[in-house]
Amino acid sequence: MEEKNTKGHFIQSIIEDDIKKNKNNGNVTTRFPPEPNGYLHIGHAKSMCLNFNMAEKYNGKCNLRFDDSNPAKEEQKYIDSIVSNVNWLGFDYKEKPLFASDYFDKLYEYAVQLIKIEKAYVCSLSADQTREYRGTLKEPGKNSPYRERSIEENLDLFKKMKQGDFNEGEHVLRAKIDMSSPNINLRDPVIYRILKMAHPRTGNKWNIYPMYDFTHCLSDSIETITHSLCTLEFEDHRPLYDWILNELGTESHPQQIEFARMNINFTVLSKRKLKQLVDKEYVNGWDDPRMPTLEGLRRRGFTPESIKNFCNTIGISKKQSRIDYGLLENSLRNDLNEKAPRRMGVLNPLLIEIENYPEGKTEELDAQNHPQNPEMGTRKVIFSKTIYIEKEDFMEEPPKKFFRLTPDQEVRLRFAYFISLKEIIKDESTGEIIKLICTYDPATRGGNAPDNRKVKGTLHWVSAEENIEADVNLYDRLFIDEDPEYGVEDFTENVNPDSLKILTGCKLEKSLCNAEPGKAYQFERLGYFCLDPKLIPNTSNNKKPVFNRAVTLRDTWAKVVEQKQQEKRKKEKALIKQKAKENQKKAP
RNA sequence: UGGGGCGUCGUCAAGUGGUUAAGACACAGGGUUUUGAUCCCUGGAUUCAGAGGUUCGACUCCUCUCGCCCCAGCCA
C-alpha cells in the first residue's frame with residue numbers, strides 16, 4: 001500500500017530525504033541533551049517527543065545524554081529528577097544515561113589536536129578584556145595579543161591549566177577562527193575555561209572544563225548522532241559546530257537542525273523564570289501543581305500520555321508560537337475521560353434532609369464507574385436521610401435555563417432518587433441557607449421514574465452520614481495575562497493571586513478512602529482530581545486527605561454564567577459612564 | 001543591508017507551480033445522554049504580512065517593503 005499521509009514536519013522530511021540518499025547508511029540516531037542545572041518542564045517534553053519519536057519511527061535510537069560541562073551550576077539531584085522524569089514519560093534510551101563528562105578525556109585530546117594544527121590558542125586576556133576585544137554586533141573585534149603563541153607554548157600552558165597551575169580566569173583556550181566575523185560565535189570563541197570545582201561525576205579530576213560549543217558537537221560525534229535537533233537560538237552556533245568537526249576531521253559529523261521552542265500562554269517556560277517563582281515563593285516549590293515542570297504536572301494529575309499527546313499535536317516548525325493553554329488541558333481531558341473512574345464529591349456542601357426517608361436507614365446503591373465503559377464495573381454508594389449537594393446546585397430564585405434544584409423544580413440525585421424541595425431553613429440573623437428539607441420519591445430508586453416523567457437536572461451528592469472529609473486544591477492559571485510579560489516590568493507582577501484555592505470541609509464518597517495517590521478520578525460534574533502524593537494522610541502531618549484538581553470538565557453552563565456576568569459588568573460600566581456624562585452636563 | 005531566522009483561520013499547523021487552501025483546539029448551531037461531561041452531525045480562510053513581477057496558472061519562483069524573534073557568558 002502507498003504511504004502517502006506520513007509526511008510530517010520539516011525535520012521528518014529532512015530525515016526521510018537522508019534515508020533515501022542513504023546518508024549515514026540510512027541510520028537515524030538522535031539524543032536528548034538536558035543540562036542538569038534545573039528541573040525539566042513541558043518544553044523539554046516537546047524536545048523528548050521529537051527526538052525519541054524520530055528515532056523510533058526510523059528504527060534508530062535516541063540517547064539520553066547529560067550536557068554536564070559546567071560544575072558551577074549542575075547537581076546530582078537534577079540528574080536524578082531528570083532520569084525519573086524521562087522514565088515516567090516512558091521514553092526508552094536503550095542503555096544507560098550518557099554523560100558528556102564521560103568524554104572529558106577525549107575532549108581534552110581533541111583540544112590538544114586543535115592546538116597542534118594551530119586552530120586553538122591559550123589566551124590570557126581577562127574576561128573584561130575578552131569582551132572588549134570581541135567588538136560589538138556591528139563592529140568587528142580585534143585579535144588577542146596572545147593569538148600567535150607558538151604551538152609549544154600553547155601546549156605547555158594548556159597542560160598547566162589542566163594540572164591546576166593557574167587560578168580561575170587567568171587563561172582560557174580559544175578556537176582561532178575570525179575576529180571580524182559578522183557571527184559573533186566565530187570570533188575566537190572560548191572552548192575551555194579554568195574552573196576549580198568538583199564535578200558531580202568526575203569529582204576533582206579536572207581543573208578545566210570544556211564549553212558547550214566544544215562539548216556538544218564532539219559528544220554528538222562520539223555517539224555517532226545523525227541528527228542533532230536543537231532550538232532556534234542555536235542557529236548562530238551551527239557554523240561553529242561544523243567548524244570544530246571539520247577542523248578535527250571527525251568521522252562522524254552530525255547535522256544540527258533547529259526548531260522553535262515551545263511557548264504556552266498564561267505560563268512561563270524558562271528555567272530562570274521558573275526559579276524566580278520558586279525562590280520568591282509565588283509557588284510552593286518546583287513540583288507545585290501550578291508549575292509547568294514535569295514534576296508539577298505529574299503532581300497535578302497529568303498523565304504521561306496526555307503530555308506526549310499534547311506535544312505531538314502541536315507540531316514542529318521554526319515559527320515563534322504561543323500555544324493555547326486550553327490545548328494542554330484538553331489533551332488531559334481526552335485521556336482521563338477514557339481512563340478515570342467516576343466518583344462523587346461535594347466541594348461546597350449544602351445539607352439536605354429528606355423528610356419522608358426513614359430515620360436511621362441507609363441503602364447501598366449501585367453506581368457505574370464509567371458511563372461508556374461497563375468493563376470498569378460498579379461500586380456501592382451510600383444513601384441516607386441526610387445528604388449533601390453542591391451549594392451552587394440550588395437557587396431560590398433561579399435564572400432562566402437553570403436546570404438544578406429550585407423551589408419548584410424536581411431533580412434527580414445521580415444513581416439514587418428524585419427529590420423536590422419542601423422547605424428552606426435559613427439562619428435567622430444572616431439569612432444564609434443552612435439546610436433544605438426535601439421529599440423523595442421511593443419509586444425512582446436508581447434514578448428512573450416508572451411513570452417516565454423527566455427531570456432536567458441530575459445532581460451529584462454524598463451521604464451526610466457516611467463520607468470522608470477532605471481538603472481540595474483548585475488550581476487556576478499561574479498568570480493573569482496570556483503573556484506574562486505584558487504591561488509590566490517584571491513578569492512576577494502578573495502572577496495570578498487566585499491561582500490556588502484551598503477548599504476545606506469537602507465531602508467525598510466513602511469509596512475514595514482507598515484512592516491511589518496520583519491516580520486521577522473524575523468527580524462527576526466537577527472535573528478530574530487526584531490524591532496529592534505528597535500529602536497522603538497519616539504519612540505526613542496532614543490528617544485529612546488532600547485532592548488536587550487537575551482540570552475541570554468542559555462546562556457550557558459555567559460559560560453561559562460567565563458571559564452573563566460579563567454582559568452585566570459591561571452594562572454597569574456603561575451606566576456609570578452615562579451617569580458621569582449626565583453629571584458633567586449638570587455641573588456647569 | 002552587522003549576522004541569523006520567521007510571517008497560511010482566534011491558537012497551533014499541513015501545503016514544495018494546477019488541491020474545493022488538510023487536520024487539531026477554540027468558536028457557533030443541531031441531535032443523543034441518569035455527568036449542562038462524553039459522543040455524533042453541521043458551519044465557517046474568495047484567501048496565504050503587503051506591493052509589484054514571472055507564468056496559461058503562484059501560498060508555492062523573483063524583486064522590493066513592512067512586522068516579529070535570536071546573537072556581544074570564561075552559561076547551556
Side-chain angles (χ1 to χ4, degrees), chain A residues 5 7-9 13 33-35 37 67-70 72-74 123 125-127 130-132 134-141 168-174 181-187 189-195 208-209 211-213 215-216 230-239 258 260 265 271 313-331 333-334 337-338 342 344 367-368 370-372 401-404 412-416 418 444 446-449 455-460 482 522-527 552-560:
Chain A
N5 299 322
K7 255 199 172 170
H9 43 75
S13 306
E35 185 193 10
N37 69 343
D67 226 333
D68 56 348
S69 57
N70 184 5
K73 292 186 176 176
E74 296 149 9
C123 178
L125 251 23
S126 71
T130 304
R131 193 178 315 119
E132 282 166 30
R134 187 155 35 227
T136 69
L137 292 178
K138 294 189 178 182
E139 297 155 16
E168 287 185 13
E170 276 185 61
H171 308 283
V172 293
L173 185 71
R174 292 228 248 168
S181 169
N183 181 346
I184 290 188
N185 294 302
L186 263 20
R187 317 240 261 235
V190 173
I191 56 178
Y192 263 94
R193 79 289 217 189
I194 298 170
L195 239 35
I208 54 172
Y209 291 92
M211 298 283 291
Y212 164 83
D213 285 304
T215 310
H216 203 87
C230 63
T231 43
L232 251 27
E233 66 268 28
F234 292 102
E235 274 180 318
D236 288 346
H237 293 244
R238 183 165 12 103
E258 309 84 9
N265 60 9
K271 282 183 194 170
T313 313
I314 59 171
I316 301 291
S317 75
K318 298 188 74 154
K319 184 169 68 175
Q320 278 90 36
S321 62
R322 192 160 58 208
I323 286 128
D324 202 297
Y325 187 85
L327 206 56
L328 216 205
E329 292 186 316
N330 199 266
S331 78
R333 286 193 192 104
N334 271 339
N337 177 47
E338 282 185 24
R342 312 287 126 124
M344 290 197 285
Q368 284 179 287
H370 190 113
Q372 279 84 35
K401 290 194 176 175
F402 183 82
F403 297 157
R404 311 173 186 188
R412 169 169 39 233
L413 295 175
R414 178 129 237 231
F415 305 123
F418 286 13
T444 56
N448 290 305
V455 286
K456 278 193 176 154
T458 299
L459 310 185
H460 61 276
E482 71 159 331
Q522 186 194 98
F523 290 4
E524 294 211 18
R525 304 211 302 136
L526 295 175
T552 62
L553 253 33
R554 250 172 59 193
D555 189 344
T556 47
W557 173 247
K559 243 181 236 170
V560 171

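Each chain gets a letter, A, B and so on, in the order its sequence line appears, and its residues count up from 1.
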Colleague: For A/Pro34, answer base if it contacts any base atom (sugar-phosphate contacts may also be present), sugar-phosphate if it contacts only those atoms, and nothing otherwise; contact means non-hydrogen atoms under 4.0 Å.
Modeller: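 Result for A/Pro34 = nothing.
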Colleague: Does OP1 or OP2 of B/U35 have a side-chain N or O of A/Arg342 closer than 4.0 Å?
Modeller: no
Colleague: I'd like a list of close polar pairs between nucleotides 7-9 of chain B and the protein, N/O only, cut-off under 3.5 Å.
Modeller:
residue: B/U8; atom: OP2; partner: A/Lys319; partner atom: NZ; Å: 2.6

Colleague: When you check the phosphate oxygens OP1 and OP2 of B/C74, does a side-chain N or O of A/Thr130 lie under 4.0 Å from one of them?
Modeller: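 So the side chain of A/Thr130 is outside the cut-off, no N or O lying under 4.0 Å from OP1 or OP2 of B/C74.
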Colleague: Roughly how many Å apart are B/U47 and B/A21, using the P atom of each and rounding to a whole number?
Modeller: 12 Å
Colleague: If you only use heavy atoms from C-beta on, which nucleotide in B/A37, B/C71, B/A76 is closest to the side chain of A/His237?
Modeller: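 Closest nucleotide among those given: B/A76.
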Colleague: Let me know the distance between CZ of A/Arg322 and P of B/C69, rounded to the nearest Å.
Modeller: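 Those two atoms, CZ and P, are 11 Å apart.
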Colleague: Checking all strands, does A/Ile316 fall into the base, sugar-phosphate, or nothing category for heavy-atom contacts under 4.0 angstrom?
Modeller: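 Sugar-phosphate contact only.
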Colleague: Show each protein N/O and nucleotides 38-40 of chain B N/O combination with a separation under 3.5 Å, one pair to a line.
Modeller:
residue: B/U38; atom: OP1; partner: A/Arg554; partner atom: NE; Å: 3.4
residue: B/U38; atom: OP1; partner: A/Arg554; partner atom: NH1; Å: 3.2
residue: B/U38; atom: O2'; partner: A/Asn337; partner atom: ND2; Å: 2.9
residue: B/U38; atom: O2; partner: A/Gln372; partner atom: NE2; Å: 3.1

Colleague: Checking all strands, does A/Arg404 fall into the base, sugar-phosphate, or nothing category for heavy-atom contacts under 4.0 angstrom?
Modeller: base
Colleague: Within less than 4.0 Å of OP1 or OP2 of B/G2, is there a side-chain N or O belonging to A/Thr136?
Modeller: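 No, A/Thr136 has no side-chain N/O under 4.0 Å of OP1/OP2 on B/G2.
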Colleague: With rounding to the closest Å, how many angstrom separate the C1' atoms on B/U8 and B/G23?
Modeller: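 That atom pair is separated by 14 Å.
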Colleague: The side chain of A/Pro182 is closest to which nucleotide in this list: B/G2, B/A37, B/C74?
Modeller: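 Closest of the options to the side chain of A/Pro182: B/G2.
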Colleague: What is the distance from CD of A/Glu235 to C1' of B/G2, rounded to the nearest Å?
Modeller: 17 Å
Colleague: Is the closest side-chain donor-acceptor distance between A/Arg412 and A/Thr458 under 3.5 Å?
Modeller: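 Side-chain D/A pair, A/Arg412 to A/Thr458: present.
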Colleague: Reckon A/Asn265 touches a base, only the sugar-phosphate, or nothing at all at heavy-atom distances under 4.0 Å?
Modeller: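 The answer is nothing, as A/Asn265 stays clear of every strand by at least 4.0 Å.
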Colleague: Which is true for A/Gln320 with a 4.0 Å heavy-atom rule: it touches a base, it touches only sugar-phosphate, or it touches nothing?
Modeller: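 Base contact - A/Gln320 has a heavy atom under 4.0 Å of at least one base atom.
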Colleague: Taking 5.5 Å and 30° as the limits, would you call A/Tyr212 and the base of B/A76 a stacked pair?
Modeller: no
Colleague: Just the rounded figure in Å: distance from P of B/G2 to CD of A/Glu139.
Modeller: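 The answer, rounded to whole Å, is 12 Å.
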Colleague: Over all strands shown, is A/Asp236 touching base, sugar-phosphate only, or nothing at heavy-atom distances under 4.0 angstrom?
Modeller: base
Colleague: Does the distance from a Lys or Arg side-chain N to an Asp or Glu carboxylate O, for A/Arg193 and A/Glu168, drop under 4.0 Å?
Modeller: no
Colleague: Watson-Crick or G-U wobble partner for B/G36, using a 3.5 Å limit on both distances?
Modeller: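 Pairing partner, where one exists within any strand: none, as none qualifies.
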Colleague: Whether the A/His460 and A/Arg414 side chains hold a donor-acceptor pair (N or O, under 3.5 Å, no angle test) is what I'd like checked.
Modeller: no
Colleague: B/C12 and B/G7: how far apart are their C1' atoms, nearest whole angstrom?
Modeller: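 So the two C1' atoms sit 14 Å from each other.
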Colleague: Write down the distance separating the P atoms in B/C6 and B/G44, rounded off to the nearest Å.
Modeller: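 Those two atoms are separated by 33 Å.
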Colleague: I'd like the P distance from B/A51 over to B/U60, given in whole Å.
Modeller: 12 Å
Colleague: For the P atoms, the ones on B/A14 and on B/A24, what distance do you get once it is rounded to whole angstrom?
Modeller: 15 Å
Colleague: Does B/C70 have OP1 or OP2 under 4.0 Å away from a side-chain N or O of A/Lys318?
Modeller: no
Colleague: Rounded to whole angstroms, how far apart are NZ on A/Lys138 and P on B/G2?
Modeller: 5 Å
Colleague: Looking at B/G73, I'd like to know if its phosphate oxygens (OP1 or OP2) sit under 4.0 Å from a side-chain N or O belonging to A/Arg134.
Modeller: yes
Colleague: Can you check the distance between B/U46 and B/C68, where both ends of the measurement are the P atom (answer in whole Å)?
Modeller: 25 Å
Colleague: In the strands shown, is B/U54 matched to any nucleotide by a Watson-Crick or G-U wobble pair with both distances under 3.5 Å, and which?
Modeller: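 With both distances under 3.5 Å required, B/U54 matches none.
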Colleague: Separation of A/Lys456 atom NZ from B/U33 atom C1', in whole Å?
Modeller: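 The distance from NZ of A/Lys456 to C1' of B/U33 comes to 16 Å, rounded to the nearest Å.
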Colleague: Can you tell me if A/Ser13 touches the phosphate of B/U16, counting only side-chain N or O atoms and a distance under 4.0 Å to OP1 or OP2?
Modeller: no
Colleague: Using the C1' atom in both, what is the distance from B/G53 to B/G17, to the nearest Å?
Modeller: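 Between the two C1' atoms, the distance is 16 Å.
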Colleague: Minimum heavy-atom separation for A/His237 to A/Asp213, with atom names?
Modeller: ND1-OD1, 2.8 Å
Colleague: So, the side chain of A/Asp67 versus the backbone of A/His216: is there a donor-acceptor pair under 3.5 Å, distance only?
Modeller: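 No: the side chain of A/Asp67 does not pair with the backbone of A/His216.
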Colleague: Both distances below 3.5 Å, Watson-Crick or wobble geometry, any strand: find the nucleotide opposite B/C59.
Modeller: none
Colleague: Within the structure shown, what part of the strands sits under 4.0 Å from A/Lys559 by heavy-atom distance: base, sugar-phosphate, or nothing?
Modeller: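 Sugar-phosphate, no base atom in range.
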